[in-house]
Amino acid sequence: MSRRKKIYEGKAKILYEGPEPGTLVQYFKDDATAFNAQKKAVLNGKGALNNRISEYIMISLGRIGIPTHFIKRLNMREQLIKKVDIIPIEVICRNVAAGSICKMLGLEEGETLPRSIIEFCYKKDELGDPLVSEEHITAFGWASTAEIDEMTAMALRINDFLCGMFAAVGIRLIDFKIEFGRHTDENGDFQILLADEISPDSCRLWDMKTDKKLDKDRFRRDLGGVTEAYTEVATRLGLIKDNPKKSTPTLSIVPNGDT
Ligand code: TMP
């Protein structure tokens, strides 16, 4: 791995040059950060859990026709992906009020929103990824109107699918953040692909019965049990074999043949 060329290092992942042109290897770190990296920790096992959960979600979304950057999981921490030019917009989809929308609009956490709401944030760490409007996005050329429409339509389809997928295992999808990239294949065909990851780092997931948080808010809010919560999500999705002893979560990952 060390001999591979590093293309980019983010807060939770590293991108290396892939084995074929037009591919990259996405490595999931155990590092957790919050509040624009003001808060940091290393959470053993988080990278492997997010790699597996994100793989499962990307494969499932691919099956319903969402084009994604995912090619295959290589090992516990790495996946092979298509190389894309990331559109510098974080697309957030919210079903229930939590996090920044509560502060911004004075809503009570847990309030169901009148409908699913899409927000756009400009990906710029120095500015803390500010909320922006379609006007800002097109005026500054970060994405075109057609691309915004496509990202919005995909985000809403992804939301519908993920709400059902998580509900089936007793989890409420409160909100999530996704990123998209521009990709041109070997035939010169251009497409916008779902990129980055979808994992408990980028979603809010609450247990349906107890409202227990099963996502990165456990880290942001010092609730403890972060990797245990991510393990719970992976176990409920059938991605990890249930450990009868329950003391330390096992990471014996279920192969992805029929998942
Ligand atoms: P927010 O309520 O803090 O704006 O977060 C909305 C959703 O986006 C939530 O599921 C967490 C996710 N998120 C990220 O994945 N990365 C980020 O940098 C932030 C701020 C939020």
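Below, all heavy atoms of this structure are taken into account, side chains as well, without hydrogens, waters or symmetry copies. Quantities reported herein were computed from a predicted structural model and do not represent experimental measurements. Whatever order the structure lists them in is the order used to number ligands and atoms, beginning at 1.
Cation-pi geometry between K39 and F219 is met: the NZ or CZ atom falls under 6.0 Å from the ring centre, inside 45° of the normal.
When only non-hydrogen protein atoms are considered, atom 9 (C) of ligand 1 lies nearest to D175 OD1, 3.1 Å. The nearest heavy-atom contact from the protein to atom 8 (O) of ligand 1 is K177 CB, 3.4 Å. Nearest protein heavy-atom neighbour of atom 11 (C) of ligand 1: R220 NH2, 3.5 Å. In terms of protein heavy-atom proximity, atom 3 (O) of ligand 1 is nearest to R204 NH2, 3.6 Å. The protein heavy atom nearest to atom 17 (C) of ligand 1 is E90 OE1, 4.3 Å.
By heavy-atom distance, the residue among C102, S100, C121 lying nearest atom 1 (P) of ligand 1 is S100. For atom 18 (O) of ligand 1, the candidate residues are L173, T33, D201, D129; the nearest heavy-atom contact is made by D129.
For the side chain to side chain contact (heavy atoms under 4.5 Å, CB included) test, residues two or more places apart in sequence or in another chain that qualify with Q191 are P67, L193.
Looking at K212 and E232, no side-chain N of the basic residue comes within less than 4.0 Å of a carboxylate O on the acidic one, giving no salt bridge. Comment: E228 does not engage R218 in a salt bridge, judged by the lack of any side-chain N to carboxylate O separation of less than 4.0 angstrom.
The side chain to side chain donor-acceptor pair (under 3.5 Å) contacts involving residues 150-165 comprise N95-N159, S116-N159, where partners must be two or more places apart or lie in separate chains.
Checking atom 20 (C) of ligand 1 against the protein gives no heavy-atom contact under 4.0 Å.
In this structure, E78 contributes its side chain and N75 its backbone to no donor-acceptor pair below 3.5 Å.
Here the CG atom belonging to L194 is positioned 4.5 Å from the CD1 atom belonging to I158, to the nearest 0.5 angstrom.
Short contacts between ligand 1 and G99, defined as distances under 4.0 Å to a heavy atom of the residue, involve ligand atoms 2 (O). Residue F176 approaches ligand 1 through these ligand atoms, each under 4.0 Å from one of its heavy atoms: 10 (O).
Under a 4.0 Å heavy-atom criterion, K216 is not in contact with ligand 1.
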